[in-house]
Amino acid sequence: MAVNENKWGILYCPKHSFRAAARWESIEKSLRAHRIDYDYIQSENSGSVARLVKMMVNNGYRTIIIVGGDSALNDAANCLMQLDSETRSRIALGVIPNGMMNDFAHFWGFREGEVEQTVEWLSKRRIRRIDVGRMNYRNKHGEACHRYFLNCVNVGLIAAIMNLRWQTRHFFVSRTLSFLFSFVLMVFQRLEYKMRLHINGETIDRRVMTVCVGNAPGYGQTPNAVPYNGMLDVSVVYHTEMVQLVEGWYLFLRGKILNHCSVHPYRTREVEFSEISQAMVGIDGRLMNTPVAPISIRVEQEVINFLIPE
């Protein structure tokens, strides 16, 4: 039986933390204070998010709130993109940030420590149609695949660092500590990859440290990207000397990475990789399972309803 279309379906994706229960109690208190009618379910693991979102859609929920981070939002967005456009247009997706990485929520102004404010904003049901990126690729068996993203795709060193952050999340709960650890990794493992990519009619065929294709700020690598202009921002980072590396990390933390001499920014509707060597590929902060070139990335404009602040 379909539920009341005004009822929220809330999917809680707890962090691996002893405070998970207390975190939900705080959220639940705010929901009750704002008289929100909701049903709640907790994900068993990261692999269950898409299945549970699909279940909510099939049961008639028109407002689906993800209490989680970028990876959980990515799973939810990919589930919604499997729907026909008419069905998808009736559903609004929202987020209460609760992940290891919450950059897409941060872009809109949602913060982990401001549950009361977040619930109040969500209750206003202010909707904006947002863009998503789409990555087409082949897997290691040569089969054609695709995956959608809200924030960014990383190819190269940053994908490797994000994978390491994910694997060591139990030890680096602080974002600052995680950044510092990543900096150490960049100093001692300044990896480069032979890549060939095509942007706006230009071909880049050389060794590259990392490439970020952002539909949104891309964890600071595409700081001017916004998910509502029909465009992708691309940052290509070439090899840099040690002094320049330190300078680049400083600019990155200041949100001014595009000012660095080794960073080459582009704005485009599509980017293609015809070679990525052995570079890792991450999407919305999660490592992909051995995608193989050629890879094409483009933007699909205004395809998801997203709940934003006032």
Checklist entry - Looking only at heavy atoms, what is the nearest atom pair of Arg269 and Leu232, with distance? => result O-CD1, 3.9 Å
Checklist entry - Would a 4.5 Å heavy-atom cut-off, applied to side chains only, mark Met288 and Tyr137 as touching? => result yes
Without placing hydrogens or testing angles, list every side-chain donor-acceptor pair under 3.5 Å for residues 302-310, not counting sequence neighbours.
{"unit_1": "Asn305", "atom_1": "OD1", "unit_2": "Arg129", "atom_2": "NH1", "d": "3.0"}
{"unit_1": "Asn305", "atom_1": "ND2", "unit_2": "Ser89", "atom_2": "O", "d": "2.8"}
{"unit_1": "Asn305", "atom_1": "ND2", "unit_2": "Ile91", "atom_2": "O", "d": "3.1"}

Checklist entry - Side-chain contact, heavy-atom cut-off 4.5 Å: Ile204 with Val236? => result yes
Next on the checklist: Using modelled atom types and a 3.5 Å cut-off, is there a donor and acceptor pairing between side-chain atoms of Thr222 and backbone atoms of Ala216?
Outcome noted: yes
Item to check | Considering all heavy atoms, the nearest Ser43-Val49 contact | outcome: CB-CG2, 4.4 Å
Checklist entry - For the side chain of Asp284 and the backbone of Cys152, is there at least one donor-acceptor N/O pair under 3.5 Å apart? => result yes
Item to check | Exercise: identify the closest heavy-atom pair between Val53 and Ala76 | outcome: CG2-CB, 4.0 Å
Item to check | Flag, side chain of Asp233 to backbone of Val213, donor-acceptor distance under 3.5 Å | outcome: no
Item to check | Audit row: His34, Ser123, side-chain hydrogen bond (donor to acceptor under 3.5 Å, both in side chains) steps and yes/no | outcome: CA-CA 8 Å; His34 286 86; Ser123 69; 5.2 Å; no
Next on the checklist: Rounded to the nearest 0.5 Å, what separates atom NZ in Lys7 from atom CD1 in Ile36?
Outcome noted: 12.5 Å
Next on the checklist: With a 4.5 Å cut-off on side-chain heavy-atom distances among I, L, V, M, F, W and Y, is there a chain of contacts connecting Leu197 to Met231?
Outcome noted: no
Checklist outcome for this item: In this structure, OG of Ser296 is separated from CD of Glu270 (nearest 0.5 Å) by 5.5 Å
Item to check | Atom pair OG1/CG of Thr63 and Leu93 - distance to nearest 0.5 Å | outcome: 10.0 Å
Checklist entry - Just wondering, do Arg298 and Arg134 contact through their side chains at under 4.5 Å, heavy atoms? => result yes
Next on the checklist: If we ignore hydrogens and angles and just use 3.5 Å, is the side chain of Arg126 paired with the main-chain N or O of Trp121 as donor and acceptor?
Outcome noted: no
Item to check | Tyr148/Asn74 under side-chain hydrogen bond (donor to acceptor under 3.5 Å, both in side chains): CA gap, chis, key distance, verdict | outcome: CA-CA 7 Å; Tyr148 295 97; Asn74 179 277; over 6 Å; no
Checklist entry - Hey, mind stepping through Tyr266 and His264 against ring pair (Phe, Tyr, Trp, His ring centres under 6.0 Å) and telling me if it holds? => result CA-CA 7 Å; Tyr266 301 84; His264 300 263; 7.5 Å; no
Next on the checklist: Could you walk me through whether Glu86 and Arg88 satisfy the salt bridge (charged side-chain N to carboxylate O under 4.0 Å, His left out) test, starting with their C-alpha distance in whole Å, then the side-chain angles of each, then the deciding distance to 0.1 Å, before giving a yes or no?
Outcome noted: CA-CA 5 Å; Glu86 182 178 351; Arg88 189 170 61 246; over 6 Å; no
Next on the checklist: Test of understanding: clusters of I, L, V, M, F, W, Y form through side-chain heavy atoms closer than 4.5 Å, transitively. Do Val95 and Ile127 belong to the same one?
Outcome noted: yes
Item to check | Distance under 6.0 Å and angle within 45° of ring axis: Arg207 vs Tyr238 | outcome: no
Item to check | Val132 side chain near Met81 side chain, heavy-atom distance below 4.5 Å | outcome: yes
Checklist entry - Would you say the side chain of Val237 lies within less than 4.5 Å of the side chain of Val208, judging by non-hydrogen atoms? => result no
Item to check | Asn136 side chain to Ile295 backbone, donor-acceptor under 3.5 Å | outcome: no
Item to check | Min side-chain heavy-atom separation Asn139-Asn289 under 4.5 Å | outcome: no
Checklist entry - Are Ile96 and Val119 close enough, and set up right, to give a side chain to side chain contact (heavy atoms under 4.5 Å, CB included), and what steps lead you there? => result CA-CA 8 Å; Ile96 298 175; Val119 172; 4.3 Å; yes
Checklist entry - Distance from Ile66 atom CD1 to Ile64 atom CD1, nearest 0.5 Å? => result 7.0 Å
Checklist entry - Within a reach of under 6.0 Å around NZ of Lys194, are more than 12 heavy atoms found that belong to other residues, nucleotides or ligands? => result yes
Checklist entry - Does the side chain to side chain contact (heavy atoms under 4.5 Å, CB included) test come out yes or no for Asn224 and Arg267, once each step is laid out? => result CA-CA 10 Å; Asn224 298 327; Arg267 178 161 287 175; 3.9 Å; yes
Checklist entry - Given side chains that start at C-beta, do those of Asp39 and Trp8 come closer than 4.5 Å, heavy atoms only? => result no
Next on the checklist: Assess the residue pair Tyr12 and Arg23 against the criterion (side chain to side chain contact (heavy atoms under 4.5 Å, CB included)); give the C-alpha distance rounded to whole Å, side-chain angles, the decisive distance to 0.1 Å, and a yes or no.
Outcome noted: CA-CA 10 Å; Tyr12 179 45; Arg23 174 69 170 169; 3.7 Å; yes
Checklist entry - Thinking salt bridges, do Asp75 and Arg147 make one under a 4.0 Å N-O criterion? => result yes
Checklist entry - Would you say Arg32 has more than 12 foreign heavy atoms packed within less than 6.0 Å of its CZ? => result no
Checklist entry - Is there side-chain contact between Phe273 and Ile297, with heavy atoms separated by less than 4.5 Å? => result yes
Checklist entry - Do you know the tightest heavy-atom contact between Leu150 and Phe104? => result O-CE1, 3.6 Å
Next on the checklist: Checking side-chain polar atoms at under 3.5 Å, does Glu112 have a donor or acceptor matched by the opposite partner on Asn98?
Outcome noted: no
Checklist entry - Quick check: does any side chain N or O of Asn215 sit under 3.5 Å from a backbone N or O of Asn151, one acting as donor and the other as acceptor? => result no
Item to check | side-chain hydrogen bond (donor to acceptor under 3.5 Å, both in side chains) between Asn154 and Gln221, worked out | outcome: CA-CA 10 Å; Asn154 285 289; Gln221 299 164 87; 3.0 Å; yes
Item to check | Met56 backbone acceptor or donor facing Asn59 side chain under 3.5 Å | outcome: no
Item to check | Verdict with supporting geometry, Ser30 and Glu116, side-chain hydrogen bond (donor to acceptor under 3.5 Å, both in side chains) | outcome: CA-CA 6 Å; Ser30 295; Glu116 182 72 22; 3.1 Å; yes
Item to check | Set of side-chain hydrogen bond (donor to acceptor under 3.5 Å, both in side chains) partners for Glu114, sequence neighbours left out | outcome: none
Checklist entry - If you measure from SG on Cys145 to CZ on Arg138, what distance do you get to the nearest 0.5 Å? => result 8.5 Å
Item to check | Closest heavy-atom pair and its distance - Pro97, Ala105 | outcome: CB-CB, 3.9 Å
Next on the checklist: For a side chain to side chain contact (heavy atoms under 4.5 Å, CB included) check, start with the C-alpha distance between Val57 and Leu80, then their side-chain angles and the critical distance, and finish with the verdict.
Outcome noted: CA-CA 9 Å; Val57 171; Leu80 294 181; 4.1 Å; yes
Next on the checklist: Distance check, rounded to the nearest 0.5 Å: Tyr40 atom OH versus Ile10 atom CD1?
Outcome noted: 10.0 Å
Item to check | Shortest non-hydrogen contact between Ile276 and Met195, atoms and distance | outcome: CA-CG, 4.2 Å
